[in-house]
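Below: the structure, in structure tokens.
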Amino acid sequence: MVREIKDTELDDLLELYLHLHEESIPEMSDGLKSTWDAIQNDVNHHIIIKEVDGKILSSCVCVIIPNLTRGVRPYAFVENVVTHKDYRGRGYASECLAFAKQIAEKENCYKMMLLTGSKKESTLKFYEAAGYNSTDKTAFIQWLD
């Protein structure tokens, strides 16, 4: 089943993020609780999960960003696309991305964007197969301390 995450599933999501780029699960703190509450209460912030047999195996985040250009149409930004390493190649992340696209279309977004730090050809082909391209825009990132 693909759906949006429930507020009681934070621990499961943080565990899944160990298969993304996190090295450890952050300790429960006021900052973590506050951030989780803010995400859960933001109608533009969607954490999409693929659940199989009660376990979250894949996820992505889709944020709808209000915009004053393009006919005042918003755009969607997709981030944190991840699948548990033991369950990759089964289409779970593709299902999450398709769900994100449904949200973006429902919200009348004029485009969807995502960034990946991966240079692996298989990852890039995966995003291309999901409908994304790397030719329309050039991304620049400035990391902040």
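Because only heavy atoms are used, hydrogens play no part in the values below, and waters and symmetry mates are left out as well, while side chains stay in. In this chain, numbering begins with 1 at the start of the sequence shown.
- Of all the heavy atoms in Val2 and Glu95, the pair that sits closest is CG2-OE1, 3.4 Å.
- When hydrophobic clusters are built by joining Ile, Leu, Val, Met, Phe, Trp and Tyr residues whose side-chain heavy atoms come closer than 4.5 Å, directly or via intermediates, Phe77 is grouped together with Ile141.
- Separation of atoms CD1 (Ile103) and CD (Glu105) is listed at 11.0 Å; rounding is to 0.5 Å.
- In this structure, Ile47 is a member of the same hydrophobic cluster as Leu20, with clusters built from ILVMFWY side-chain heavy atoms closer than 4.5 Å.
- Taking both residues in full, the closest heavy atoms of Tyr17 and Val61 are given as OH-CG2, 3.8 Å, listed atom of the first, atom of the second, then distance.
- Linking ILVMFWY residues whenever their side-chain heavy atoms come closer than 4.5 Å, directly or via other members, places Met28 and Leu13 in the same cluster.
- Atoms CD and CD, from Glu9 and Glu4 in turn, are 11.5 Å apart once rounded to the nearest 0.5 Å.
- In this structure, Lys50 NZ and Ser94 OG are separated by 11.0 Å, a value rounded to the nearest 0.5 Å.
- Atom CG of Leu115 is separated from atom OG of Ser134 by 11.5 Å, given to the nearest 0.5 angstrom.
- Sorted by first and then second residue, the salt bridge (charged side-chain N to carboxylate O under 4.0 Å, His left out) pairs involving residues 51-73 (not counting sequence neighbours) are Arg3-Glu51.
- Judged by distance alone, with hydrogens and angles left aside, the side-chain atoms of Asp42 form no donor-acceptor pair with the main-chain N or O of Ala38 at under 3.5 Å.
- Residue pairs meeting the side chain to side chain donor-acceptor pair (under 3.5 Å) criterion with at least one member in residues 74-84, sequence neighbours excluded: His19-His84, Ser58-Thr83.
- Phe99 is not connected to Leu97 by any chain of hydrophobic side-chain contacts under 4.5 Å among Ile, Leu, Val, Met, Phe, Trp and Tyr, and they are in different clusters.
- At a threshold of 4.5 Å between non-hydrogen side-chain atoms, the residues Ile65 and Asn67 do not count as touching.
- The two atoms that bring Ala104 and Ile64 nearest to each other are CA-CD1, 4.2 Å, heavy atoms only.
- Ile5 and Val81 fall into different hydrophobic clusters, where Ile, Leu, Val, Met, Phe, Trp and Tyr are joined by side-chain heavy atoms under 4.5 Å apart, directly or via other members.
- The backbone N or O of Leu18 lies less than 3.5 Å from no partner atom in the side chain of His21, so there is not a single donor-acceptor pair.
- Going from atom CD1 of Ile48 over to atom SG of Cys62 covers 5.0 Å, rounded to the nearest 0.5 Å.
- Atom CG of residue Asp12 and atom CD1 of residue Ile56 lie 4.5 Å apart, to the nearest 0.5 angstrom.
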Quiz prompt | Verdict with supporting geometry, Ile49 and Leu16, side chain to side chain contact (heavy atoms under 4.5 Å, CB included) | solution = CA-CA 10 Å; Ile49 62 162; Leu16 178 64; 6.0 Å; no
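- Using a 4.5 Å heavy-atom cutoff, the side chains of Tyr87 and Val52 are not in contact.
- Around CG of Asp30, the count of heavy atoms belonging to other residues, nucleotides or ligands within 6.0 Å does not exceed 12.
- Sorted pairs that involve residues 134-145 and meet salt bridge (charged side-chain N to carboxylate O under 4.0 Å, His left out), not counting sequence neighbours, are lacking altogether.
- A pairwise comparison of heavy atoms in Met112 and Tyr132 identifies CE-OH, 3.3 Å as the closest pair.
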